[in-house]
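Reading through the structure tokens given below for one structure.
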Amino acid sequence: MARDGGDRFMALNGMPASSRFPKTRHLLKHADFQRVYQGGGRQFTGNMTVFFLRRECGGGEPGAGGPKVGFTVGKALGGSVERNRIKRRMREAVRRSWPACEAPVDVVFNPRKSVLSLPFAKLLDEVERGLRLAAQRTRVTEQK
RNA sequence: CUGCUGGGCCGGACGGUCGCUGCCGGCCUGCGAACGCUGGCGACAGCCAGGCUGCGCAGGCGGGGAGAGGAAAGUCCGAACUCUACAGAGCGGUGUGCCGGAUAACGUCCGGGCGGUGGCGUUCAAGCGCCAUUGACGGAAAGUGCCACAGAAAAUACACCGCCCCGCCCAAUUUACUCAUUGCGGCGUGAGCCGCCGCAAUGGCGCACAAGCGUUGUUCAGGUCCCAUGGUCGCAAUGGGCUAAUUGGGCGGGGUAAGGGUGAAAUGGUGCGGUAAGAGCGCACCGCGCUGCCAGUAAUGGCGGUGGCAGGGAAAACCCCACACGGAGCAAGACCAAAUAGGGGAGGAUCCCGCCGGUUCUCCCGAUUCACACCCAGUGGCGUGAAUGGAGAGAACCGGCGGGAACGUGCCGGCUCGGUGCGUCACAACUUCCGGGUAGGUCGCUAGAGGCGAGCAGUAAUGCGCGUCCCAGAGGAAUGACCGUCCUCGCCCCUUCUUUUCCGCCAAUGCAUUUCUGCAACGCGCGGACAGGAAGGGGCGGGACAGAAUUCGGCUUACAGGCCCGGCAGCUAU
RNA sequence: GGGGUCGUAGUUCAGUUGGUUAGAACGCUGCCCUGUCACGGCAGAGGCCGCGGGUUCGAGUCCCGUCGACCCCG
């Protein structure tokens with residue numbers, strides 16, 4: 001089964017650093033979320049909605065070089081167990097998709113309930129696509 | 001063994017890779033302060049530079065170790081803890097509610113009592129005993145209110161029907177009438193249930209004096225149903241009453257609380273006596289109330305006496321009684337504290353004294369009013385407090401006037417000074433300090449009514465001491481993602497064995513023989529098919545309910561599967 | 001962490017306090033009206049009162065538990 005998926009896992013497991021996801025890479029503040037919703041772009045990718053916005057004043061803070069990611073998992077998505085499961089799967093997927101995006105952007109993922117039962121390889125694919133998309137779009141707007 | 005049910009326990013296991021959040025210690029980098037060390041300068045306050053050590057913070061690297069539950073849930077109770085209010089108590093409100101115990105506390109738990117339900121045993125039965133289970137289980141003679149429809153009446157008991165007695169009136173009857181007893185004959189043969197019989201049997205149960213009910217039948221009108229030991233009709237005999245009496249009807253007065261089939265519920269129940277009719281009116285048993293003794297800590301139980309019945313339900317209607325509770329909640333609360341706005345003090349920009357006026361506060365004075373407490377036979381007295389008032393005193397602040405000092409400045413004299421005039425008013429920038437306090441951060445924050453083990457006390461809940469262990473602390477919220485093996489459950493497939501039923505065959509097979517063929521076997525025989533069971537293997541799918549948020553004790557609710565203990569029913573074996 | 005409100009016909013709501021008959025409007029169905037539709041008229045169906053217990057003679061209503069939805073405060 002899924003020979004190609006197995007290879008992908010091997011490759012990801014072999015990748016040593018930069019696949020970590022500490023708190024400094026999280027997007028936590030309510031104001032940050034509002035800024036991304038108001039000023040950024042959005043794209044729906046099937047099982048989630050991706051919001052993104054380039055961060056300008058990302059000066060001296062640690063972890064300012066790369067993207068920062070936040071999730072919104074509302075009460076409508078289920079009980080606390082299911083919401084936690086969704087967040088954990090999303091975090092894991094983002095953690096393994098860091099190479100897709102190097103730009104300093106703020107990204108907010110708004111997952112749907114189907115993330116719970118989706119095979120992990122597909123979820124990984126979608127998150128990686130979303131991150132790459134966010135990087136490209138923000139670069140375009142910057143050139144304008 | 002199966003099914004139902006009650007209680008307790010567990011809540012998949014092991015491993016790999018990569019992660020997340022605290023903690024411990026190591027290394028590196030940066031910053032900060034201390035300024036201990038070195039060097040330089042110096043007015044010996046200190047400053048500058050260097051780099052070592054230790055400290056704090058942040059980041060990075062690699063290491064060790066830890067990391068969701070029995071319900072973490074619902075937030076239904078109870079506490080700890082914190083702040084706040086408070087002399088004490090009450091009112092109000094909320095909650096609890098048989099008794100005793102456990103506990104920090106509880107609406108929780110344990111034990112007991114009483115009641116309900118089910119089962120078993122015993123007994124002719126009533127009843128009694130045992131077991132299981134269950135109960136929001138104080139008070140209805142403290143008071144208010146409610147009880148539809150039906151029913152005479154729904155809480156005051158008695159209006160109505162009925163029954164009985166007395167009085168009056170009317171009608172009928174008259175030697176006939178009437179009453180009682182006995183005998184004979186007739187009428188009747190039953191809707192329902194049980195039993196009995198099959199041309200024989202015909203027994204029992206089931207109201208009444210009446211009003212009425214009930215039954216059958218059923219669409220309604222209407223009709224039907226009456227005595228067997230006591231019904232009714234007729235006849236006869238005997239005895240009694242008698243010209244007034246009897247019967248019937250009406251009216252009036254009284255007695256009665258038995259009955260009146262309704263209803264969820266009807267004013268003690270059954271029997272006997274008793275009476276004009278009746279009635280706890282009397283008696284026996286049962287129930288109930290009061291009371292005495294005994295047992296028990298108590299709830300309560302047992303025995304006896306006594307009363308003749310007090311009196312329905314409902315308090316999850318209001319309410320009464322007893323007891324408990326001040327309020328808010330870790331976003332409690334404490335500390336540090338940015339930016340911005342704002343507050344206060346000082347400098348900027350001056351202090352002192354006296355007089356007058358005003359405001360506020362405190363004290364003082366006595367009068368009136370009110371409230372409370374005490375004394376008193378009392379309209380009275382006395383004390384305290386409050387409000388109003390006053391002419392007084394003090395303090396603070398504000399305003400005005402006057403004087404002095406100091407400073408600035410002008411003028412005059414004059415030169416280590418003096419005199420005199422004016423000003424020193426207000427506001428603001430700015431500087432500095434202080435306090436409150438937002439964002440943010442730190443603490444609270446996990447060693448506890450803690451877990452485990454065995455012991456002792458206790459029927460138990462639980463308690464006591466001993467030993468041992470440290471076991472999540474996040475904060476837009478970590479405790480994960482993926483994979484492998486095993487475990488378990490369900491379905492499907494294959495192999496082997498086996499059971500029942502059915503079908504086919506005396507052969508397949510083995511041995512002998514060159515071959516034909518012969519021998520072995522009607523048997524617990526051989527072969528096959530459907531179905532079932534067991535074991536093994538393989539494949540697929542499933543493994544619940546659910547995520548700590550200050551911490552505990554309970555309750556309630558959700559929950560796949562497994563284990564243990566108990567009760568009931570059925571089957572099988574001994 | 002506190003506090004509150006509401007679940008009744010397909011839909012929106014009465015009825016709940018103070019217990020004994022479940023109602024209104026719109027919608028739906030059928031018939032009439034009209035050449036046809038709409039409007040209108042007549043008739044009808046449709047409810048285990050969120051769920052589970054209890055109190056009571058009797059529960060939509062009272063009590064307890066539970067589920068769901070919504071709102072407010074810090």
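Chain A is the first sequence line, chain B the second, and so forth, proteins listed ahead of strands; every chain is numbered from 1. Hydrogens, waters and symmetry mates are skipped; everything else that's a heavy atom, side chains included, is used.
- Connection of A:Val81 to A:Val73 is not established within any shared hydrophobic cluster, with ILVMFWY side chains joined at heavy-atom distances below 4.5 Å, either directly or through further cluster members.
- Nucleotide B:A558 forms no Watson-Crick or G-U wobble pair with any nucleotide shown, as no partner meets the under 3.5 Å limit on both distances.
- Nucleotide B:C309: paired with B:G287 (Watson-Crick or G-U wobble, both distances less than 3.5 Å).
- B:C161 and B:A153 have their C1' atoms separated by 12 Å, given to the nearest Å.
- Glycosidic conformation, B:G70: syn, with the torsion inside 90° of 0.
- For A:Arg91 and B:A478, the CZ to C1' distance is 8 Å, given to the nearest whole Å.
- A distance of about 10 Å separates the P atoms of B:G380 and B:U369, rounded to the whole Å.
- Base orientation of B:A276: anti, since the glycosidic angle falls outside 90° of 0.
- B:C55 and B:U438 are spaced 35 Å apart, taking the P atom of each and rounding to whole Å.
- Separation of the P atoms belonging to B:U459 and B:U446 is 44 Å when rounded to the nearest angstrom.
- Side chain of A:Lys87, nearest nucleotide from B:A546, B:C482, B:A478: B:A478.
- Across all strands shown, B:G541 pairs with B:C489; the Watson-Crick or G-U wobble distances both stay below 3.5 Å.
- With a glycosidic angle further than 90° from 0, B:U462 counts as anti.
- Of all nucleotides present, only B:G451 satisfies the Watson-Crick or G-U wobble test against B:U468, with each distance under 3.5 Å.
- If you measure from atom CG of A:Leu116 to atom P of B:A546, you get 14 Å, rounded to the nearest angstrom.
- In summary, A:Glu126 and A:Lys122 do not engage in a salt bridge, as defined by a charged side-chain N under 4.0 Å from a carboxylate O.
- Residue A:Phe51 is not grouped with residue A:Phe44 when hydrophobic side chains (ILVMFWY) are merged at heavy-atom distances under 4.5 angstrom, including chains of intermediate members.
- With a cut-off of 3.5 Å on both pairing distances, the Watson-Crick or G-U wobble partner of B:C177 is B:G241.
- Using a 4.0 Å heavy-atom distance criterion, A:Arg88 is classed as a base contact.
- On the C1' atoms, B:G473 is 16 Å away from B:G69, given to the nearest whole Å.
- Using C1' as the reference atom, B:U275 and B:U256 are 11 Å apart when rounded to the nearest Å.
- For A:Glu128 and B:A481, the CD to P distance is 20 Å, given to the nearest whole Å.
- In textbook terms, a nucleotide whose glycosidic angle is within 90° of 0 is syn, and B:A45 is one such case.
- A:Glu92 has a carboxylate O that lies under 4.0 Å from a charged side-chain N of A:Arg96, or vice versa, which qualifies the two as a salt bridge.
- For B:G56, the paired base is B:C31 (Watson-Crick or G-U wobble, both distances below 3.5 Å).
- Partner of A:Ser97 under the side-chain contact (heavy atoms from CB on, under 4.5 Å) criterion, out of A:Leu131, A:Asp125, A:Val69: A:Leu131 alone.
- The one candidate from A:Arg42, A:Arg132, A:Gln43 that meets the side-chain contact (heavy atoms from CB on, under 4.5 Å) condition with A:Arg137 is A:Gln43.
- Spacing of P atoms, C:U17 relative to C:C64, comes out at 15 Å, to the nearest Å.
- Across all strands shown, A:Arg83 has no heavy atoms under 4.0 Å from either base or sugar-phosphate atoms.
- Spacing between atom CD of A:Glu92 and atom P of B:C483 amounts to 12 Å, rounded to whole angstrom units.
- Base orientation of B:C471: syn, since the glycosidic angle falls within 90° of 0.
- Between B:C443 and B:C57, the distance separating the two P atoms is 11 Å to the nearest Å.
- Summarising the geometry, the separation between CD1 on A:Ile86 and P on B:G547 is reported as 14 Å, rounded to the nearest angstrom.
- Heavy-atom nearest nucleotides on RNA chain B were determined for A:Ser80 and for A:Thr72, and the one closer to the 5' end corresponds to A:Thr72.
- One can place CZ of A:Arg85 at 14 Å from C1' of B:A544, the figure rounded to the nearest angstrom.
- Taking the side chain as every heavy atom from C-beta outward, A:Asn47 and A:Leu118 approach each other to under 4.5 Å.
- Figure legend. B:U513 is base-paired to no nucleotide; pairs are counted as Watson-Crick or G-U wobble with both atom distances under 3.5 Å.
- One can place CG of A:Leu124 at 12 Å from P of B:C483, the figure rounded to the nearest angstrom.
- In this entry the distance linking CZ of A:Arg95 with P of B:U21 reads 12 Å, nearest Å.
- Checking B:U431 for Watson-Crick or G-U wobble geometry (two distances, each under 3.5 Å) identifies B:A346 as its partner.
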